[in-house]
Every structure is written in structure tokens, then in C-alpha cells.
Number of protein chains: 2
Amino acid sequence: MKAHASPDTFPPRGHTAKRVSIIDAAGAVFCREGFAGANIDLIAVEAGVSRQTVYNHHGDKENLFVAVVRDLSEQSNAGVFATLATFPDHPKDLEADLAAFAVRLNCNCLCNREGKFLRKLIQAEGERYPELFAEWRDEGSTKIWSALAARFARLAYAGFLDIDDPDLTARQFLALVNAELQTKFMFGQTPTEAEIRKAAANAVRTFLRAFGKQPAKARRRETIEA
Amino acid sequence: MKAHASPDTFPPRGHTAKRVSIIDAAGAVFCREGFAGANIDLIAVEAGVSRQTVYNHHGDKENLFVAVVRDLSEQSNAGVFATLATFPDHPKDLEADLAAFAVRLNCNCLCNREGKFLRKLIQAEGERYPELFAEWRDEGSTKIWSALAARFARLAYAGFLDIDDPDLTARQFLALVNAELQTKFMFGQTPTEAEIRKAAANAVRTFLRAFGKQPAKARRRETIEA
DNA sequence: AATTTTTTAGACACACTTGTCCAATTCGTC
DNA sequence: GACGAATTGGACAAGTGTGTCTAAAAAATT
């Protein structure tokens with residue numbers, strides 16, 4: 001009885017490479033095939049690992065699934081918050097800066113691997129693991145919305161925007177940014193850089209038509225004066 | 001000629017009740033469990049039918065799945081076009097009329113059974129059946145967008161809206177209308193009437209802030225003058 | 001180099017599903 | 001009531017997937 005005394009946490013040491021390799025492969029397979037359709041043998045092959053190793057690391061198929069979602073959630077949230085830090089708090093050109101931010105948001109958070117996978121897994125298996133996805137929601141999207149809303153409130157206070165409800169504004173901003181990518185997402189396709197840029201530009205233009213202060217609007221039309 | 005001479009199309013007569021019952025049950029189960037996880041025995045039970053009958057009617061699991069999606073597509077499209085016909089072409093109160101339309105759209109098309117199921121199935125299995133969902137897209141969403149865009153163009157021409165690209169406008173309208181329901185949808189929950197109404201009101205307000213003609217905007221603030 | 005730990009490949013039991021076949025039964029229609 | 005078609009329940013073969021176990025091989029640690 002020398003083997004892993006604490007089987008629930010993790011084996012002794014740093015063979016973490018296999019660990020993440022398994023999680024990555026499992027994420028891909030779960031997404032492609034769904035939970036029921038996912039085959040552990042296939043996951044093992046795709047991870048370059050024997051099936052037994054998968055069981056050694058994560059025990060159960062269900063356990064593995066949970067680990068995958070947790071991992072994706074963490075990565076995704078980290079990405080979002082990192083991008084959120086690049087929000088244009090002191091914009092030079094509000095429209096351009098917001099558009100650039102929207103592009104970053106799309107590229108780094110919504111269109112990347114984690115974003116795609118997480119979205120699909122939530123859609124497919126969310127109802128089966130309410131507590132798991134509640135966790136994702138409470139740690140992730142809710143906080144993200146709040147953070148984004150705070151940024152918009154700040155812009156409004158600085159005189160760049162005219163908004164009533166920052167939370168609503170944040171939701172609508174995200175909705176507009178995604179408006180044109182929805183169809184792509186529906187089929188698991190990834191939009192091109194150019195499509196993302198165009199979508200962001202369209203979204204921000206409409207957003208500012210609704211919420212931009214007059215001076216900003218005017219300045220936008222008359223280009224730069226100084 | 002009562003016997004089914006053409007076994008591929010449909011048996012002779014009106015035991016269609018079982019047929020639709022099977023399709024309905026299959027839709028629910030496919031949605032809950034995914035294609036791979038769906039159990040034909042369970043579908044049979046849920047349809048109040050013996051397993052053999054399921055096979056008699058649709059032959060294959062794959063066949064059954066295709067039939068389900070086709071059926072959902074048709075129903076969903078029919079619902080959308082019916083709702084589209086209630087678009088306020090000659091609005092008395094643009095904001096109120098558009099909001100009411102948005103509510104109808106949500107209730108009859110996006111939040112109902114067909115909408116929910118179809119969305120989930122497309123997300124989950126869309127990549128596995130490209131031609132099936134291409135069909136849905138070409139017959140459904142594409143035409144819907146065009147139709148909605150045409151309505152907005154008409155409103156613009158009549159002086160109610162100020163828009164550049166009707167197609168884009170239509171997409172953004174839909175995006176805004178859904179903005180607040182996304183989270184609910186993510187977990188398969190169905191928004192309440194009240195939530196739908198509020199979401200629609202918020203969406204239309206922002207929409208009109210962006211695209212409403214000045215007179216409409218002004219009238220909105222000063223309430224009714226006559 | 002020796003020892004401990006992890007990984008591997010394969011075999012294995014077990015459960016579950018699909019799809020078919022068939023005899024008995026029910027249903028609808030005449 | 002009789003007839004034919006549809007439905008049923010149950011048994012069945014074949015395939016597949018999970019999770020366990022084992023002994024041998026590989027890796028890492030000392």
C-alpha cells in the first residue's frame with residue numbers, strides 16, 4: 001500500500017503534463033460527442049495516454065467531466081478578467097477604443113477554445129449539473145457583468161455616456177457585440193478576425209448611437225479638432 | 001389500397017396520433033439526453049408506445065432524429081412567420097407597438113417548446129448533421145432575417161426610423177431582444193411572462209434610442225401631447 | 001544502480017442499447 | 001362478427017462502453 005493515499009485530491013508529484021493533457025482531450029471529446037457520446041478510450045488516445053491512466057487520474061467519467069468544466073471555467077474567467085482590465089477607462093477616441101475592446105473580448109473570451117467549449121457544454125449538460133454551472137455563473141458571468149457595468153458607469157460619470165442602468169447597458173453591449181456572431185456560433189464555426197472586427201464596429205456604432213453623449217457623437221462626425 | 005405500398009413515406013391512414021406522439025417524445029428526450037444519450041426505450045415509454053412501434057414508424061435512431069429536427073424546424077418557422085405577420089407596419093405608438101411585437105416574438109418563437117428544443121439540438125448536434133441544419137438555416141433564419149429587415153426598411157421609409165443597413169438593424173434588434181434572456185436560456189430555463197415583457201421594453205427603448213427618428217424620441221419623453 | 005512510483009496493455013465482467021424477429025393481441029373498418 | 005392492418009411484449013444476438021484487475025514496462029528518485 002504505497003500508492004496514492006489521498007486518491008481524491010491528486011497523486012504525489014509533478015506528472016501534471018498528463019493531467020492537463022487528459023483534461024484537454026476530454027474537453028474536446030465531450031464537446032464533440034456530448035457527455036453520453038464521449039468515449040473514454042477515445043479520450044485516452046487523443047490525450048496520448050492509456051485508458052487506465054485516465055481512470056487513475058480522475059476515477060470516474062462524471063468526475064472527469066466535472067474536472068473539465070471546472071478547468072474551462074477557470075481559464076475562461078481568467079481570460080475575461082484579463083481582457084476586462086483593458087477596458088478604455090480614459091478613451092481618446094471612444095468609438096475606436098470601445099470597438100478595439102470589443103474585438104479583444106470576442107477574440108480572447110468568446111471565440112477562443114475555452115469560450116466555445118464552455119458555451120457548448122453548458123448548453124448541452126447544464127441542466128444535469130446545476131450546482132456545477134451555478135458555480136460557473138456565480139464566479140464568472142455575474143461578476144463579469146458587474147465589472148463591465150462598473151466600467152460603463154465610470155464612463156458615464158466622466159461624461160462619455162448617457163445611461164440609466166449600467167447593468168442593463170453592459171448586457172446590451174455584450175448582446176450587440178455578439179449579434180452577428182451568433183449564427184457562426186450556432187454551428188460551432190469560429191468567425192474570422194475580419195468578421196469579428198466588423199461585428200465589433202457595427203455593435204459599437206449602434207451602442208454609441210443609443211448611449212453616446214451628444215458631444216462624443218458630434219466629435220465622431222467632425223473627426224478630430226485639436 | 002389500404003396497405004402501405006410506400007413504406008418510406010407513411011402508412012395509410014390516421015394513426016398519425018402515435019406518429020406525432022413519438023416525434024414529440026423523441027424531441028424531448030433528444031434534448032434532455034443528447035443524441036447518444038437518448039434511449040429508444042425511454043422515448044417509446046414517454047410516447048406511450050411500444051418500442052417496436054417506434055421502429056415501425058421511423059426505422060432508425062438517426063432517421064428518428066432527422067424527423068424530429070425537420071418537424072421542429074417546420075413548426076418553429078411557421079410560428080416565426082406567423083408572428084412576423086403581426087409586425088407593426090403602421091404603428092400608432094412606435095415604442096409600445098415594437099415592444100409588443102418583441103414580446104410576441106419571444107413568447108411564440110424563442111421561448112416556446114420548439115424554439116428551445118431546436119436551439120439546443122442545433123447547438124449539440126449541428127456539426128454532425130450539416131445538411132440538415134443548413135436546410136433549417138436556409139429555410140428559416142435567413143428568410144426570417146430578410147423579412148424582418150424588410151419591415152424595418154419600410155418603417156424607415158415611412159419616417160419612423162433612421163437606419164443605414166436594414167439587415168444589420170434586424171440582427172441587432174433580435175440581439176437586443178434576447179440580451180436579457182440569454183442567461184435563462186443557457187440553463188434551459190423558460191423566462192416568465194413578466195421577464196419577457198421587461199426584456200422587450202428594455203430592448204426596444206435602447207433600439208429606439210439608436211434608430212428612432214428625433215420626433216419619435218421627443219414624443220416619447222413628453223408623453224402624449226394631443 | 002537500486003528502489004519506488006507511475007504508466008501501460010490486455011483481459012475481463014457487467015451492464016446497457018440497438019435493431020430484429022415473432023406470436024399474440026388489439027384496433028378500425030366493413 | 002369477421003377481416004386485415006397495426007400494435008404489443010418479449011426474447012434475442014450483436015455490439016459497445018464502463019470500470020476493475022493484473023503483471024510487465026517505463027520513469028523518476030535516491
Side-chain angles (χ1 to χ4, degrees), chain A residues 1-26 28-68 125 128-129, chain B residues 1-26 28-68 125 128-129:
Chain A
M1 165 89 62
K2 59 298 288 292
H4 41 107
S6 53
D8 53 320
T9 52
F10 58 93
R13 204 191 359 277
H15 59 314
T16 23
K18 305 230 176 218
R19 210 184 180 73
V20 304
S21 157
I22 292 171
I23 294 270
D24 282 1
V29 175
F30 278 133
C31 273
R32 276 210 317 273
E33 321 282 351
F35 178 82
N39 182 322
I40 301 228
D41 282 352
L42 183 57
I43 292 175
V45 169
E46 210 146 308
V49 160
S50 85
R51 176 173 70 247
Q52 186 60 39
T53 302
V54 177
Y55 282 105
N56 285 344
H57 275 270
H58 299 100
D60 220 343
K61 189 181 184 180
E62 202 148 317
N63 243 310
L64 177 57
F65 181 77
V66 171
V68 166
E125 318 286 347
R128 207 188 306 280
Y129 299 87
Chain B
M1 169 85 67
K2 56 289 292 290
H4 43 110
S6 51
D8 52 320
T9 51
F10 60 92
R13 201 191 4 274
H15 62 313
T16 22
K18 306 229 175 219
R19 210 185 180 72
V20 305
S21 156
I22 292 171
I23 294 269
D24 282 2
V29 175
F30 278 134
C31 273
R32 276 210 317 273
E33 321 281 351
F35 178 81
N39 183 323
I40 300 228
D41 282 350
L42 182 58
I43 292 175
V45 169
E46 211 145 307
V49 161
S50 86
R51 176 172 71 248
Q52 186 60 40
T53 302
V54 177
Y55 282 105
N56 285 344
H57 276 270
H58 299 101
D60 219 343
K61 188 180 184 180
E62 201 148 318
N63 243 311
L64 177 57
F65 181 77
V66 171
V68 166
E125 318 287 346
R128 208 186 307 280
Y129 298 87

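Quick note on labels: first sequence line is chain A, next is B, and so on, each numbered from 1. Below, all heavy atoms of this structure are taken into account, side chains as well, without hydrogens, waters or symmetry copies. This one's a predicted model, so the numbers in the text were calculated from it and none came from an experiment.
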Ordered by number, residues from residues 34-42 of chain B within less than 4.0 Å of DNA chain C (heavy atoms) are B:A38, B:N39, B:I40
Between A:R32 and A:V29, is a side-chain contact (heavy atoms from CB on, under 4.5 Å) present by the stated rule, with each step listed?
CA-CA 5 Å; A:R32 276 210 317 273; A:V29 175; 4.1 Å; yes
Length of the line joining B:Y55:OH and D:dG9:P, which is rounded to integer Å
16 Å
Given side-chain contact (heavy atoms from CB on, under 4.5 Å), test B:R51 with B:Y55 step by step and report yes or no.
CA-CA 7 Å; B:R51 176 172 71 248; B:Y55 282 105; 3.5 Å; yes
Pick out which of A:I22, A:I43, A:V68 makes a side chain to side chain contact (heavy atoms under 4.5 Å, CB included) with A:H58.
A:I22
Whole angstrom value for the distance that separates C1' of C:dT18 from CZ of B:F65
17 Å
Quick one: CG on B:L64 to CZ on B:F35, what's the gap to the nearest 0.5 Å?
8.5 Å
If only side-chain N and O atoms of B:T53 are considered, is one of them under 4.0 Å from the OP1 or OP2 phosphate oxygen of D:dT8?
yes
Atom-to-atom span, NZ of B:K61 to C1' of D:dT16 - whole angstrom
12 Å
Approximate separation, where rounding is to 0.5 Å, of A:N56 CG and A:R19 CZ
10.5 Å
Rounded distance in Å - CG (B:N56) to P (C:dC22)
14 Å
Show your reasoning for whether side-chain contact (heavy atoms from CB on, under 4.5 Å) applies to A:E125 and A:F30.
CA-CA 10 Å; A:E125 318 286 347; A:F30 278 133; over 6 Å; no
In this structure, how many angstroms lie between the P atom of D:dT16 and the CD atom of A:E33, rounded?
15 Å
Partners passing side-chain contact (heavy atoms from CB on, under 4.5 Å) against B:N39 (at least two apart in sequence or in another chain)
B:D41, B:L42
A:I22 CD1 to C:dT7 P, straight-line distance once rounded to whole Å
8 Å
From CD1 of A:I43 over to P of D:dG19, roughly how many Å is that when rounded to an integer?
11 Å
Indicate whether OP1 or OP2 belonging to C:dT6 is found under 4.0 Å from a side-chain N or O atom of A:H57.
no
Just how far, in rounded Å, is P of D:dA5 from CD of B:Q52?
17 Å
Is A:K18 near enough to D:dA27 that one of its side-chain N or O atoms lies under 4.0 angstrom from OP1 or OP2?
no
Please compare B:R51 and A:G59 by the position of their nearest nucleotide in DNA chain D and report the one closer to 5'.
B:R51
